Asks: 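A single structure is presented below for examination.
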Amino acid sequence: MRLALLLPDGVGVRNFLLGPFARLAVTRASVALFHVIPEELVADYAASFGAAMSWHQLRPFDAGRVAETLGSALGYAHMHWGNTRAMQRRLAIPPHAPTVGRWAMTKTARMLGRAAATEAGINWLARQHQARAAAAPAVEHYRRTFTAVRPSVVFASHQRPPEVLAPILAARSLGIPTATFVFSWDNLTSKGRILAPFEHYLVWSELMRRELLRFYPTIAPGQVHVVGTPPP
């Protein structure tokens with residue numbers, strides 16, 4: 001068994017590396033850890049795991065402005081369609097951007113998202129976004145890495161950070177199963193779209209399971225697994 005574990009933020013490091021999860025994982029599998037830990041601290045963390053865990057920096061993901069705009073539009077379309085109170089509050093926030101170009105991208109994404117706020121429109125945007133993102137150099141980097149590491153599964157501790165998109169697209173293209181832990185109990189009703197096409201979703205509760213299936217109709221019930229709250 002070989003596990004590729006993606007920890008794209010500090011909370012993931014706390015919950016899945018510093019808690020019992022990683023220590024249990026290395027007793028049952030070889031673990032390739034993809035992380036955002038500063039390089040100067042890696043040796044301190046690695047010392048207690050030995051050869052059972054290899055360490056890899058997660059790369060920042062930049063798929064270009066078209067892919068970024070499509071991803072933002074997908075998030076806006078999802079919130080218009082989901083229409084929860086939390087989503088309504090997020091949509092009511094005026095666009096802010098440091099440059100005229102970034103402001104124009106945001107306005108374009110908002111308009112496209114509003115126009116595509118149907119189940120069919122969201123599915124179309126998701127296909128376009130994934131096709132653009134799959135051409136990014138980072139995806140090919142992870143294809144090469146996974147071909148060498150040969151993981152049995154790629155598991156992300158958080159479903160939303162952009163850093164997980166490239167490794168998940170790479171894994172899917174190689175036929176490697178993918179899974180994620182839905183980060184927080186309110187993420188499904190208060191945030192934008194999950195951009196990475198995971199095959200399995202681990203959630204805290206039956207309520208979260210129902211919410212995931214409601215907001216993502218293309219996900220089958222068998223893909224969602226109730227596992228409880230994050231490791232302490």
Side-chain angles (χ1 to χ4, degrees), residues 4 6-9 11-12 34 36 58-82 84 86-87 90-91 102 105-106 108-143 146 154-174 176-184 186-203 208 211-220 223-224:
L6 313 181
L7 303 183
D9 59 9
V11 178
F34 294 81
V36 292
L58 272 173
R59 292 190 167 195
F61 186 55
D62 181 4
R65 290 198 170 189
V66 173
E68 184 180 349
T69 301
L70 288 169
S72 295
L74 185 54
Y76 288 124
H78 181 82
M79 289 189 288
H80 279 295
W81 176 71
T84 67
M87 292 175 182
R90 286 174 63 85
L91 288 168
R102 301 294 299 186
M105 284 177 61
T106 301
T108 300
R110 281 181 172 247
M111 290 188 293
L112 183 56
R114 182 180 289 275
T118 65
E119 189 173 335
I122 288 169
N123 291 337
W124 180 84
L125 272 179
R127 290 192 298 271
Q128 301 307 310
H129 174 252
Q130 288 175 24
R132 284 280 182 170
V139 177
E140 180 57 32
H141 163 76
Y142 286 110
R143 284 196 195 99
F146 291 154
V154 177
F155 172 66
S157 66
H158 194 318
Q159 82 284 3
R160 284 182 50 77
E163 291 84 359
V164 306
L165 180 56
I168 294 303
L169 289 174
R172 293 295 299 267
S173 73
L174 295 171
I176 301 169
T178 59
T180 189
F181 185 84
V182 178
F183 176 74
S184 180
D186 67 338
N187 271 193
L188 298 172
T189 57
S190 64
K191 306 295 184 183
R193 187 79 174 176
I194 299 173
L195 296 182
F198 299 98
E199 292 175 278
H200 296 277
Y201 299 81
L202 280 59
V203 297
M208 287 179 68
E211 289 174 343
L212 184 63
L213 294 173
R214 171 191 170 191
F215 291 117
Y216 297 85
T218 59
I219 296 175
Q223 295 176 260
V224 187

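These figures come from a predicted structure and were not determined experimentally. Both backbone and side-chain heavy atoms feed into the values below; hydrogens, waters and symmetry mates do not.
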Asks: With rounding to the nearest 0.5 angstrom, report the OH to CG distance, Tyr76 to Leu112.
Replies: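 So the gap between those two atoms works out to 11.5 Å.
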
Asks: With distance as the sole test, does Arg172 use its side chain to make a donor-acceptor pair with the main-chain N or O of Pro197 at under 3.5 Å?
Replies: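 Side chain of Arg172 to backbone of Pro197: a pair is present.
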
Asks: How long is the straight-line distance from CE of Met208 back to CG of Leu202, given to the nearest 0.5 Å?
Replies: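 So the CG of Leu202 and the CE of Met208 are separated by 10.0 Å.
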
Asks: To the nearest 0.5 Å, tell me how far Met87 CE sits from Lys191 NZ.
Replies: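 Output value for this atom pair is 10.5 Å.
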
Asks: Between atom CE of Met105 and atom CD of Glu68, what is the distance when rounded to the nearest 0.5 Å?
Replies: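 Answer for the CE-CD pair, Met105 versus Glu68, is 4.0 Å.
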
Asks: I need the minimum non-hydrogen distance between Arg110 and Arg90, along with the two atoms involved.
Replies: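 The pair with the smallest heavy-atom distance is NH2-O, 4.3 Å.
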
Asks: If you count every heavy atom of other residues, nucleotides or ligands that lies below 6.0 Å from Arg114 atom CZ, does the total exceed 12?
Replies: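 12 or below, so no.
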
Asks: Kindly give the heavy-atom pair with the smallest separation between Gln223 and Ala220, and that separation in Å.
Replies: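 Here Gln223 and Ala220 meet closest at OE1-N, 2.7 Å.
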
Asks: For the pair Ser72 (side chain) and Thr69 (backbone), establish whether a donor and an acceptor sit closer than 3.5 Å, ignoring hydrogens and angles.
Replies: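 Judged by distance alone, no pair lies under 3.5 Å.
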
Asks: Restricting to non-hydrogen atoms, name the atom on Glu119 and the atom on Trp81 that form the minimum distance, rounded to 0.1 Å.
Replies: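 Smallest interatomic distance, heavy atoms only, reads N-NE1, 4.1 Å.
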
Asks: Any Lys/Arg nitrogen of Glu140 or Arg143 sitting under 4.0 Å from an Asp/Glu carboxylate oxygen of the other?
Replies: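 Yes.
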
Asks: What is the distance from atom CG of Leu174 to atom CG of Leu169, rounded to the nearest 0.5 Å?
Replies: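 It is 11.0 Å, given to the nearest 0.5 Å.
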
Asks: Strictly under 6.0 Å, is that where the ring centroids of Phe61 and His141 end up?
Replies: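 Judged by ring-centre distance (under 6.0 Å), Phe61 and His141 do not meet the cut-off.
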
Asks: Is Thr84 reaching over with its side chain to a backbone N or O of Thr189, donor-acceptor style, under 3.5 angstrom?
Replies: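 Yes, the answer is positive, given that a donor and an acceptor are paired below the 3.5 Å cut-off.
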
Asks: Is it the case that the side chain of Thr180 and the backbone of Ala156 share a donor-acceptor pair, with hydrogens and angles ignored and the cut-off at 3.5 Å?
Replies: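 Yes, Thr180 side chain to Ala156 backbone: donor-acceptor pair under 3.5 Å.
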
Asks: Below 4.5 Å, heavy atoms only, C-beta onward: do Tyr142 and Leu58 meet side chain to side chain?
Replies: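 Side chain of Tyr142 against side chain of Leu58, heavy atoms only: contact under 4.5 Å found.
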
Asks: State, with a plain yes or no, whether a side-chain heavy atom of His129 is found less than 4.5 Å away from one of Leu165.
Replies: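 Result yes, sub-4.5 Å side-chain heavy-atom pair found.
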
Asks: Does the Thr178 side chain pair with the main chain of Glu199, one donor and one acceptor, at a distance under 3.5 Å?
Replies: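 Such a contact is found between Thr178 side chain and Glu199 backbone.
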
Asks: Does the pair Leu70 and Arg132 meet the rule for a side chain to side chain contact (heavy atoms under 4.5 Å, CB included), with working shown?
Replies: CA-CA 9 Å; Leu70 288 169; Arg132 284 280 182 170; 3.9 Å; yes

Asks: Are the side chains of Asn123 and Pro217 in contact, using a 4.5 Å heavy-atom criterion?
Replies: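 No, their side chains stay 4.5 Å or more apart.
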
Asks: Of the non-hydrogen atoms in Gly12 and Leu7, which two are nearest, and what is the gap between them?
Replies: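 So the minimum-distance heavy-atom pair works out to O-CD2, 3.7 Å.
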
Asks: Of all the heavy-atom pairs spanning Ser157 and Asp9, show the shortest one and how long it is.
Replies: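 Closest heavy-atom pair between Ser157 and Asp9: OG-OD1, 4.5 Å.
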
Asks: I want to know whether Phe34 and Phe146 have ring centres closer than 6.0 Å.
Replies: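 Yes, the ring centres sit under 6.0 Å apart.
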
Asks: Counting only N and O atoms by type, is there a donor-acceptor contact under 3.5 Å from the side chain of Tyr201 to the main-chain atoms of Gln159?
Replies: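 No: the side chain of Tyr201 does not pair with the backbone of Gln159.
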
Asks: Could you pull out the closest heavy-atom pair between Val164 and Pro8, with the gap in Å?
Replies: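 Looking at all heavy atoms of both residues, the closest pair is CG1-CG, 3.7 Å.
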
Asks: To the nearest 0.5 Å, what is the distance between CG (Asn187) and CD1 (Ile194)?
Replies: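 Between atom CG of Asn187 and atom CD1 of Ile194 there are 8.0 Å.
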
